[in-house]
Structures are given as C-alpha cells and as structure tokens.
Amino acid sequence: MTDLAPPRPVGDAPIGYDPAVVERRWQAHWDAEGTNSPDLARGENPFYALMMFPYPSAEGLHVGNLFAFTGSDIYGRFQRLQGHTTFEPIGYDAFGIHSENFAIKQGLHPGELIPRNIDNFRRQLQRVGLMIDWTHELSTTDPSYYKWTQWVFLQLYKQGLAYKKKAAVNWCPLDKTVLANEQVIAGACERCGTMVEQRFLEQWFFRITDYANRLLTNLDGLDWSESTKTAQRNWIGKSEGAEVVFPIQDVMLYGGSAMASAGASGEVVANALEVRVFTTRPDTLFGATYLVLSPEHPLVSIIAGDEQRDDVAAYVAHAAKQDLVTRKTTKEKSGVFTGAYATNPATGDAIPVWIADYVLLEYGTGAIMGVPAHDERDFEFAQKFDLTITRVIASPEHTADLPLGDAAFTETAGCRLVNSGRFNGLTVDEGRTAIVTELSARHAATPVVNYRLHDWCISRQRYWGPPIPIVYCDACGTVPVPESQLPVLLPMIDDFRPDDSGVSPLARHAEWYHTACPQCGGPARRETDVSDTFLDSSWYFLRYPSSRRADVPFSDTITKKWLPVASYIGGNEHAVLHLLYSRFVTMVLHDAGLLAFEEPFRRFRAHGMIVRDGAKMSKSKGNVVNPDLYIDEWGADTFRTYLMFLGPFEEGGDFRDQGISGVKRFLDRLWRSVHDARADGALEVDVQRKLHQTIKKVGDDISRLSYNTAIAAMMEYMNTMRSGERRPHVDEVRPLVQLVSPFAPHIAEELWSVLGNTRSVFDSRWPTYDEALTVENRITMAVQVNGKTRGTVSLAKDATQGDAMTAAMADPHITKFVTGQPRKVVFVPGRMLNIVL
RNA sequence: GCUCGGGUGGUGGAACUGGUAGACACGCAGGUCUCAGAAGCCUGUGCCUUCACCGGCGUGGGGGUUCAAGUCCCCCCUCGAGCACCA
C-alpha cells in the first residue's frame, strides 16, 4: 500500500490542494495495486469500455484524443461504480502510409520512429489518469499482433472472400507511386504537382459487397449514434431498380469474334449483341432517347462504327489518362457517338449509343439509358449534343407536350406517366412496377438491387504494413501461407522508399522475396504488397482481452465473456470505413464459426470535435492546443473536467482557456469542503433534498453522455452545500466525492481516503438516492394572462386549480391584467396557470 | 448538388414528452476582508425605457398551428461536417 496520508499544505497554497502531487501519488498507487487491471477470467458483470485507439503521431496526443478518451473513461468508471468489472484497454494503430511518409521526411526508419512516438503517447496517456489496463496494451506493428492480422486475411481467403483483380488507381508518374484519392489535389500529385494518371494494377480485394445487405439491415437493431448509422446507410447506398436490355441494331461485326453474348443456358446466340443498363427509374423508359456506355465498357470497341472509330479511340485514351478524382468531379459533360444504334425495348425506336466519362464502369452495368427529360445529368448531356428530349412524366399542372424549359423535371410525387403508350396515366410507382413486369415477361428486364459500396481494396504497394501472407509458385499457383508459418515478418530494410517499379519495396529484397512453396517446396515468390491499415484496426477489439495469448488470436472463453463490446466511443470520421470494416470482419469470423456474435459493438457513440476559435485545430493555423501545458498548469483532473464541461460531448465545442478557472475553483471548493466537513449535528433538509436530486441527475446525465450538464448539476449542489462559507456535514460531502470521481479521479481518490476509506473510491458503489427526498413540497407556479407570464405564485406541491386561481387573484400584479370574466382557464398541475380572457 | 448536424446574452452553453427562456460557468460591475494585493465570500448582470416601480422587446429571417412555440408545420438565409456525375 502506498502512503495514503493527505499531503501537507505546500508552500503558500492556502488550501493544500496540489494537483501535481495528488495525481502523481494516485497514479503510482493504481499501478502498484493493479487497480485498473481487472481479473478478466473471473471478474463479475463484465463491461468492456472501448475507445478508438490512436495513431501515434510524432506530435503526441492532441486535445481531440484526450476529449474522446476522457469521455470514454468517464463512462467506464461510472459503469465500474455501478458494480461492473470494467476493462478499459488501449493500443496503437501504428502501421500505414502516414508513419512511413513522416519517417521518410525525417530520414528515419519507421521501425525506430514509431516506438519513440508510442513512448511519448504512453507517457501522456498515463498522466491524464485514464483507467487503462496497461497489461493489455498492444501495437498493430508488433509481430505478435500482425501475425493474427495475417491470420484474419487467411480466414477471408479460405472463405473465398479475398481475391485479386486489376483495378484503377491514381498513379503519379514522377513519384512513381500510387496515391490515395485524398492525395490528389485538382488532378495533380499533392507533393510534386505532376498531373496524376490512372493505372490498372493487380490488387487484393475483400468481397465486402457480398455482405452489403446484411451490413445494411443489421443497422436497424444497433444502439448506435443515428448520425453514424445514416452515414453507413448512405455509404452502402442501396438502390432498387431494374436492368433493362437494349439490343444493338445492325452491327458490323469485326474480326468475326464479335463475342455474341452467352445466354443464361450457356448457348451462344448468334448476333445477339445487347447493352444492359441499370436504372432506378424504369417508369421513364419511354423517355430513354439514347444510351451511354462508360469509355471502359467492353462493348465499345466492338460496336464503334468505321467513321467513328478514331474519335472513339481518342476519347477512350483521353478518359484513361484522367485521374480518378478529376474524372468524378468535372461536371462539364463530354462524350462521343459510337455510330451504333440500339432498340428501346419499350418504344421499339432506334436510339443512338454514345460513350461518356460521366458513366462509371464500376457502378451498375457500366452503361445507362439517357432520359434527358427527367435526369439532370442526362439533360445537360442531351442539350450539349442536341439529342432528343421526350417528356414522359407530368405533374397534374403539366400537359403531355409541355416543353421542359431549361432543366430536367425530376419530381415524382403526384406525377403520372405521359407519352408512354398504354402506361399513360399511371403514377410513377405504378408505372415502375408495370413496365418492369411487362418487360420481364419478354426477358427484356430484371428487377435488380445495386449498391454503391465497392469491394474493399486492401493492397498497398508500400513498405510499412503487414505483408499479405500469400506465395506464388510456378507449379501450384497462388498459395496461402499456412497458419503455422505466420507471421510473415516484415523485414527491417533500409531502403523502404517506393521506387520506379510501382511494386512494393519489398520486391527489391531477393532474400525475402524468394521463398519455398509451402505446398511443393519448389521455388516461389512472396506477395510483396502489404495490407491496408484498416485491416489492422478491423479486429483489434477482439485481441485486447486475449492480448497475452501467443497461441490464438482470441480465446474462446474470454471472448464469450467480454464481447461484443459494451460501449464504443470514437470519432465520426470513422463512421464508414473503420466501423464498417470491423462489422464486416466480425460477420465473416462469425460465419466461419469463430465468433458467436456477428455485430462487434453493442453500443457506439460518436463524440464531437474540439475546435479552437471556431476552426479545426491545425498546425498551419497555429491554433493547436498542447495538452501537456494545460496539465502542467491546472492538473489532469481540472483539465479533464473542463474538457467535458465545454459543451455537449456528442457535439464537441470551442476550446478557450478562459473557462478553465471555473472548474478549478469547483475542485478547490470540493477539497476545502472535505477538509472542513463536520461529523456532528444533523443534515439540513434543503441540502439533503438537493443532494438526492443531484445524485439522480448526475447518474442520468452520465448515462446519456450529457457530461456538461452533469458537471453543472454538481456545481449547483456545491453552491447549495457551501453557500456562504457553510461547513458541510460529512454525509453531505461524501457522495459528492463519488459523483465527481469519474471526472476527476485523482482528487476523488485522495479525498475518499481523507474521509477515512482504505479502498479505492472506484470500488465503492455509486450513491443511491431516495425518490421521496427529491420532491419539493412547495412549488413556484407561473401565472399567465392570455399566454403572457404576469407573475408567479407559491403553492403546495399538490395544489389544485382552485388553489392556484385563489392565489393568483390575490396578487394585484396579476389581477390588473384580468380585465374581464375569464373565457377559459388552462391549468397544468405543478407547472402553470393560464387565464384566457 | 445530396445527406447529417447547428444558429439562444459580451462569451461557452442550459431548457426532459410544447408550459416562468438564459441553469451552470467565464467575463464584467459593486461590496466585504486586507497596510495593499491574491485567494475566498456576498450582491448584481438579455436588450430598450425608467431614479425606481411599471412596461415593452427578445432564441437567424418570414409565415402558420396552439390557451401557450427555442421546442411542432411550411418557406428562406447562414455556418459546420461528410459524400459527391452512383444512373
């Protein structure tokens, strides 16, 4: 046991509260006693409080991290006080391009840089007093961790969910490297300014699209922030519609190979070239006056007419040269006619087939039907190239031949079909169904659901990540590395910079690259790509409780006991990627029979952002707050509590140092109240009532993460309890120490021991309140005349309308507004009285 | 452009299901204590008018519903975040 005696007043400090001393003492005490390391095997009533692990940057923790961690810590500590065994782990998400680029800039190896950053993070995390179980700390860069990241890859591979295909990526021809979309600024490389190109490279993908519908429908049952669920729904982007078949007319077939498409039964139908398009508006089919294929569409070279061949080829080449970002953001329409015509299956008309880069190969079928009258993009395109525009939807005020004017008509509510043959007069919804039904009978359409979600590209042609555990053998082909041979260690090489070749730097290391085939023992080559950091973080919560097990990624019994995660708190910037990938990986492991649950996070809450003077903190703006300086000056307890007091936790707030002194004063008063407390005499009724109200409110508020109002409530109680320089009774102060403890854990422990307790305040139980004692027996009721508040009356808590009326009419300030006989009186018991004249 | 959040005193922010708008805190002003200060403690503090009482006006703007609107409905302005030619 460390020394529990209260510190003597230091120097001139009149009250003896020295945060630095108190905080150091209790951090050492927690460490020595293992206060924050629960017995995971035996602890009762488990509660897994998870915070998103940080990326250990060179700058150290920023206030945003601290804000998030403190919010999560308060919730975890509160749950512990409710009688749970709380597990609060931390780790570092330390692989990735960020670290690698930074290391390159500093001329250092990420392998030396990262441990240094982690040491600094650990130091900072320790001094804010989080209830972290340090015995389960992890880093994704540790071979004992990424061994199992590779294992996760293998599980997906085994399920047929990992595959390799060529995909378009941004390529900087000067830096000779692949760029993420965020690294392309206005079509140019963010580092060297060179125009970026599109390249096709072989990449590993996970088939997350197979899980799209499940990822979407499960959301309904999750206790998550609505904003996060909405973001996921939008990201998955389900759209229901139909695929419609447009036969190509009179094609000149080149080279005889014309690849007539294969029907469902496998027989080759001669001369049956056709374009399939996806649409969410089959009701507008009669208005489809042209088709547009994406420039990469396989039919393009086949259907292009002799005269158009050169133009088409030039356009395709132009599109290929564009980078992905510019292509998707340039709204100016461009395109060329292919020379081919297709038949609109509804009207039988011949319509021209164009190609344009506003149609993307990766979405739907890579081809669209152009309905210029009712789609903005198509309208723009048709105007530019002078294509036919036919109205097929009309609102009740429109006639069938009313011209469109200068914009597409995209409304649907209350509208009906026109110029659509026998479908005229149907509503949009009816038309949608009727047209698809009829075309389906002729095999010209199929109802289809499409998702915006793409498969997850996990390949990175970089160095700083876990090597993808695959080997290529001339004899056996693609061979997964057997689990017994994991981890595939990332070699510590000096020249880890990306180079001219466009493949990972690992390819340059023959001794690593060449290996023996695990199947036949023959010569083989290793996969040189490493995996995406999002794979590292997609399963880390499974590892924490079992982090000391070398033989399995996660123990069955421990996992059954501790997961799914009871509370997960993090930033909404991870609403889609990290949180979606974690759900996906969990589902896959569930389907493989390795996990009993399919959703990893029972409850998720997104915290807000801390800004400074209304702007996001950034080095370039020079408004970054260094938490160390604030902790030095005010102490961790004050800083934590202040961060929580600045605004609603789920909304964030504006950091300004002016307000921090108010919180410090509050803790000073708490300190003094405990030291001055008397043990004799009785409790005051008003103080006691306020106490019970406060216990109730603080508990309710913490449960809803309304930390700012919880703190305000404690301050109110303090004002009541210590009004003037009133000496409070110990029984009035003791519960306040407990209420404060999740926010300001060090001072709470200190004062708890001053109050004579020998065990941690976090092993005490949250104080209980008596509902009966929270009730006020007299109430102040507002009295309105014609809806305007004209005064108040003081009444017994169960006063009737009659009592209220009598009291109101006795007050001349009120009666002077009552100039006639009341027409009506509205009485809300306990709240207000409204006299209507 | 679309989606999701916001807009309340000098400032950060309260206000649960419509029911005394401005809790709590900062700041400011005055007082008390002190040789003086710091710290504490007490009082006041939305705006306009007034010596004061009284009164009027007030939650981005404009309409509406209601005995009653920061809260509900419609239109508009504005700030932040995310997504973005997704057919």
Side-chain angles (χ1 to χ4, degrees), chain A residues 12-15 225-231 233-235 237 239 241 277-281 284 292 325 327-333 356-360 362-371 375-378 380-381 450-454 572-573 575-576 608-609 611 614-616 642 645-648 650-663 665-666 668-669 672 700 704 706 708-716 718-719 722-725 780-792 813 816 822-828 830-837:
Chain A
D12 288 332
I15 59 163
S225 294
E226 268 318 304
S227 61
T228 312
K229 293 210 266 183
T230 312
R233 284 189 191 104
N234 293 342
W235 187 262
S239 33
V277 306
F278 173 70
T279 177
T280 54
R281 296 288 308 274
T284 63
V292 189
V325 175
R327 167 158 174 185
K328 287 185 183 177
T329 48
T330 308
K331 307 284 184 189
E332 181 65 31
K333 295 287 175 290
D357 65 1
Y358 82 95
V359 178
L360 309 172
E362 69 260 25
Y363 186 76
T365 60
I368 61 155
M369 60 182 204
V371 185
D375 180 282
E376 280 169 33
R377 293 152 305 174
D378 296 345
E380 233 180 280
F381 191 77
N450 251 305
Y451 297 92
R452 187 185 161 284
L453 182 69
H454 295 348
N572 233 355
E573 67 272 20
V576 285
M609 213 174 46
V611 297
K616 210 169 171 168
Y642 173 62
F645 189 53
L646 356 126
E650 293 177 82
E651 283 165 38
D654 203 345
F655 188 96
R656 40 189 59 239
D657 5 22
Q658 294 157 22
I660 198 165
S661 57
V663 171
R665 276 181 208 150
F666 170 70
D668 284 345
R669 295 176 93 189
R672 253 182 272 121
D700 289 351
R704 336 181 252 122
S706 184
N708 56 334
T709 55
I711 296 166
M714 292 187 284
M715 288 174 165
E716 269 190 70
M718 176 71 80
N719 291 342
R722 217 179 148 75
S723 154
E725 275 175 322
T780 307
M781 181 177 280
V783 180
Q784 302 179 339
V785 180
N786 282 335
K788 281 195 173 190
T789 304
R790 295 300 185 181
T792 57
H813 291 302
K816 75 176 186 196
R823 268 196 304 128
K824 181 176 173 183
V825 173
V826 181
F827 178 71
V828 183
R831 289 217 174 256
M832 60 108 240
L833 177 77
N834 188 6
I835 301 164
V836 186
L837 300 176

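Each chain gets a letter, A, B and so on, in the order its sequence line appears, and its residues count up from 1.
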Here the distance between atom P of A87(B) and atom CD of E380(A), to the nearest Å, is 16 Å

Given Watson-Crick and G-U pairs under 3.5 Å, RNA chain B in dot-bracket ([ ] crossing, | other strand) is (((((((..(((......[....)))((((((.......))))))(((......)))..(((((..]....))))))))))))....

Using a 4.0 Å heavy-atom cut-off across all strands, classify R790(A) as base, sugar-phosphate, or nothing. sugar-phosphate

Note to self: Using a 4.0 Å heavy-atom cut-off, does K333(A) contact any base of the nucleic acid, only the sugar-phosphate backbone, or nothing at all?
What the structure shows: base

When rounded to whole Å, the CG to P distance for the pair D657(A) and U11(B) reads 18 Å

The salt bridge (charged side-chain N to carboxylate O under 4.0 Å, His left out) partners of R831(A) (sequence neighbours excluded) come to none

Atom CG of D700(A) and atom P of A15(B) are separated, to the nearest Å, by 13 Å

Donor on one side chain, acceptor on other, S239(A) and Y363(A), under 3.5 Å
yes

Between CD of E725(A) and C1' of A39(B) the distance, given in whole Å, is 11 Å

Against the side chain of T279(A), the closest entry in C83(B), A87(B), G19(B) is A87(B)

B/S/- along nucleotides 3-10 of chain B (protein heavy atoms under 4.0 Å) is SS------

In whole angstroms, the gap separating C1' of G80(B) from CG of N572(A) amounts to 13 Å

When rounded to whole Å, the CZ to P distance for the pair R665(A) and C42(B) reads 12 Å

N719(A) CG to C26(B) P, in whole Å, measures 10 Å

Counting primed atoms, P, OP1 and OP2 as sugar-phosphate and everything else as base, the B/S/- map of nucleotides 63-71 of chain B against protein heavy atoms under 4.0 Å is ----B----

Its contact letters, B for base, S for sugar-phosphate only and - for none at protein heavy atoms under 4.0 Å, make nucleotides 47-53 of chain B read -------

Item checked: Donor-acceptor pair, side chain of N834(A) and main chain of V783(A), under 3.5 angstrom -> no

R790(A) meets the salt bridge (charged side-chain N to carboxylate O under 4.0 Å, His left out) criterion, sequence neighbours left out, with none

